[in-house]
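Taking it in order: structure first as structure tokens, then the write-up.
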Amino acid sequence: CGAPDPNHRHVLPQDVTDFSKLFATHCAGCHGQDGTQGPAPPLNEPLFLALTSDEQLKDVIDSGRHGTLMPAFGDRHG
């Protein structure tokens, strides 16, 4: 059969760094495939982007949002 194909090796979740894959896995279910439609705030909406700093977004992604379904991801992708 030969050696295993390195392109088909298992990748641990913490080693995934491709934004599209991470967004599809962790965000699209609530924010929509392109970040514009879903039960959670639209991430590509101009007013949302104007009112929310990059630092605020990083903090919410890292810590989650208490009292909502937004989980903390800071402990997952150190």
Heavy-atom pair with the smallest gap, counting every atom of Pro41 and Phe48: CB-CE1, 4.3 Å

Honestly curious: do Val60 and Leu47 fall in one hydrophobic cluster under the side-chain, below-4.5 Å linking rule? no

Just by distance, do the side chain of His31 and the backbone of Gly38 share a donor-acceptor pair under 3.5 Å? no

Separation of Thr17 OG1 from Leu22 CG (nearest 0.5 Å): 7.5 Å

Non-hydrogen atoms of Phe73 and His26 that approach each other most closely: CE2-ND1, 3.5 Å

Tell me, please, which residues at least two apart from Ser63 pass side-chain contact (heavy atoms from CB on, under 4.5 Å). Asp59

Tell me the closest heavy-atom pair linking Leu51 and Gln56, and the distance in Å. O-OE1, 3.6 Å

Between the CD atom in Gln37 and the SG atom in Cys30, the distance rounded to the nearest 0.5 Å is 14.0 Å

Can you list the residues that meet the side-chain hydrogen bond (donor to acceptor under 3.5 Å, both in side chains) rule with Asn44, with sequence neighbours excluded? none

Grab the two heavy atoms, one from Met70 and one from Ile61, that are nearest each other, plus how far apart they are. CE-CA, 4.0 Å

Between Asp62 and Ala72, the two heavy atoms sitting closest are O-CB, 3.3 Å

Could you work out, with side-chain hydrogen bond (donor to acceptor under 3.5 Å, both in side chains) as the rule, every residue matching Thr52, not counting sequence neighbours? none

